[in-house]
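Reading through the structure tokens given below for one structure.
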There are 2 protein chains.
Amino acid sequence: MKNRLKVLRAEKDLTQGDLADALGVSRQTVNAIEKGKFDPSLPLAFKISRLFEQPIENIFQFEMEES
Amino acid sequence: MKNRLKVLRAEKDLTQGDLADALGVSRQTVNAIEKGKFDPSLPLAFKISRLFEQPIENIFQFEMEES
DNA sequence: AATTTTTGTAAACTACACTTGACATTTAAA
DNA sequence: TTTAAATGTCAAGTGTAGTTTACAAAAATT
């Protein structure tokens with residue numbers, strides 16, 4: 001699953017640590033999601049969505065073959 | 001997290017088993033999600049979204065206090 | 001160039017999404 | 001009203017999201 005986190009984060013001038021704090025997760029979790037190591041849970045995806053004021057579908061791009 | 005699965009399923013006249021097959025998950029998983037026992041993973045939420053041709057936000061309603 | 005901040009990554013752990021199998025209860029059909 | 005289909009739920013297991021701690025590498029500051 002691809003995502004636009006790095007760009008969105010840059011637009012708001014946030015470090016991975018800043019974003020992690022804002023979301024209430026660890027910095028490693030933000031890093032892992034940003035690098036595509038794993039997908040966020042649905043609740044976390046919603047929090048990210050609200051923080052960046054964009055629909056989930058606009059932040060995460062799911063492709064069917066991924067599973 | 002609330003969801004409109006039961007209604008959406010009724011609109012398409014699908015049983016929990018039908019939906020499970022269409023999504024590639026077990027019937028118990030569909031039942032548990034529908035009853036709010038747990039949240040779907042983000043990939044599964046995307047599959048549900050595509051199947052019902054509605055954005056995730058229109059199917060699942062996240063409220064901040066949930067976590 | 002030296003220091004600080006940020007990012008990447010790893011291991012070991014916890015929590016929960018999802019599985020199979022099984023059975024009881026409710027709803028619909030014959 | 002008896003049978004079948006659909007739903008609810010439980011237990012025990014697997015896989016992955018997310019944790020903490022820790023350290024190395026890269027990027028930005030001074």
Side-chain angles (χ1 to χ4, degrees):
Chain A
M1 177 133 43
K2 293 196 172 178
N3 69 78
R4 296 182 50 243
L5 272 187
K6 193 169 184 175
V7 171
L8 293 172
R9 200 163 55 73
E11 284 176 0
K12 292 213 170 187
D13 196 31
L14 297 172
T15 67
Q16 290 181 349
D18 291 337
L19 180 54
D21 289 346
L23 295 170
V25 297
S26 71
R27 184 181 64 79
Q28 287 81 347
T29 291
V30 168
N31 183 276
I33 292 171
E34 191 168 310
K35 302 221 86 191
K37 288 198 174 184
F38 54 70
D39 303 320
S41 66
L42 185 55
L44 182 50
F46 266 106
K47 286 185 194 168
I48 294 170
S49 170
R50 291 204 175 162
L51 187 63
F52 290 113
E53 297 173 306
Q54 293 191 36
I56 291 174
E57 289 85 349
N58 208 7
I59 301 176
F60 297 95
Q61 285 88 39
F62 175 71
E63 281 309 323
M64 214 51 183
E65 67 268 11
E66 292 179 33
S67 179
Chain B
M1 177 131 44
K2 293 196 173 179
N3 70 77
R4 297 181 50 245
L5 273 187
K6 193 170 182 175
V7 171
L8 294 172
R9 199 163 55 73
E11 284 176 1
K12 293 215 172 188
D13 196 30
L14 297 172
T15 68
Q16 290 182 350
D18 291 338
L19 180 53
D21 289 345
L23 295 169
V25 297
S26 71
R27 183 182 65 80
Q28 287 85 342
T29 291
V30 167
N31 183 276
I33 293 171
E34 191 168 309
K35 301 222 86 190
K37 289 199 172 180
F38 53 72
D39 302 320
S41 66
L42 186 54
L44 182 50
F46 266 107
K47 285 185 195 169
I48 293 170
S49 169
R50 293 204 175 163
L51 187 62
F52 291 113
E53 297 173 306
Q54 293 189 36
I56 290 173
E57 290 85 350
N58 208 10
I59 301 176
F60 297 94
Q61 285 87 40
F62 175 71
E63 281 310 322
M64 216 49 185
E65 67 267 12
E66 292 179 34
S67 179

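Proteins get letters first, then strands, A, B, ... in listed order; numbering begins at 1 in each. Bear in mind that the values here come from a model prediction, so they are computed numbers and not experimental data.
Under the side chain to side chain contact (heavy atoms under 4.5 Å, CB included) criterion, Gln28(B) pairs with Ser26(B), not counting sequence neighbours. With sequence neighbours left out, Lys2(A) forms a side chain to side chain contact (heavy atoms under 4.5 Å, CB included) with Gln61(A). Not a single side-chain hydrogen bond (donor to acceptor under 3.5 Å, both in side chains) links Asp21(B) to another residue, sequence neighbours left out. Evaluation of the side-chain hydrogen bond (donor to acceptor under 3.5 Å, both in side chains) rule for Asn3(A) yields no partner, not counting sequence neighbours. Legend: residues meeting side-chain hydrogen bond (donor to acceptor under 3.5 Å, both in side chains) with Arg27(B), ordered by chain and number and at least two apart, are absent.
Within the structure, ring pair (Phe, Tyr, Trp, His ring centres under 6.0 Å) contacts touching residues 13-64 of chain B (residues at least two apart or in different chains) are Phe46(A)-Phe62(B), Phe62(A)-Phe46(B). Evaluation of the side-chain hydrogen bond (donor to acceptor under 3.5 Å, both in side chains) test over residues 32-52 of chain A, restricted to residues two or more places apart or in two chains, returns Arg9(A)-Glu34(A).
Within 6.0 Å of NZ on Lys12(B) lie more than 12 heavy atoms contributed by other residues, nucleotides or ligands.
The hydrophobic cluster containing Ile56(A) does not contain Val7(A), counting ILVMFWY residues as joined when their side-chain heavy atoms lie under 4.5 angstrom apart, directly or transitively.
Helix-axis bend for the helix from dA1(C)-dT30(D) to dA30(C)-dT1(D): the local axis fitted to the five terminal pairs at one end deviates from that at the other end by 50°, rounded to 10°.
Backbone-only engagement by Thr15(A) is indicated by non-hydrogen atom pairs under 4.0 Å involving sugar-phosphate atoms exclusively.
The shortest side-chain heavy-atom distance between Asp18(B) and Asp13(B) does not fall under the 4.5 Å cut-off. With contacts defined as side-chain heavy-atom distances shorter than 4.5 Å, the pair Leu44(A)/Ile33(A) qualifies.
In terms of heavy atoms, Pro40(A) sits closest to Leu42(B) at O-CB, 3.5 Å.
A close approach under 4.0 Å does not occur between any side-chain nitrogen or oxygen of Ser41(B) and OP1 or OP2 of dT16(D).
Across the protein-nucleic acid pair, Ile33(A) atom CD1 and dA17(D) atom C1' stand 8 Å apart, rounded to whole Å. As a whole-Å value, the separation of Asp13(B) CG from dA6(D) C1' is 12 Å.
Rounded to the nearest 0.5 Å, atoms CD1 (Ile59(B)) and CD (Glu57(B)) are 9.5 Å apart. Taken to the nearest 0.5 Å, the CG atom of Leu8(A) stands 10.0 Å off from the CG atom of Leu14(A). In this structure, the separation between CG on Asn31(A) and CD on Gln16(A) is 4.5 Å, given to the nearest 0.5 Å.
Residues from residues 19-26 of chain A with heavy atoms under 4.0 angstrom of DNA chain D, sorted by number: Gly24(A), Val25(A), Ser26(A). Only Leu44(A), listed by number, bring a heavy atom of residues 44-52 of chain A to less than 4.0 angstrom from any atom of DNA chain D.
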**Study point:** Contact pattern, 5' to 3', of nucleotides 8-16 of chain C - B, S or - by protein heavy atom under 4.0 Å
**Key:** BBB------

Check the interface with nucleotides 26-30 of chain D: list each N/O to N/O pair with the protein under 3.5 Å, or write none.
none

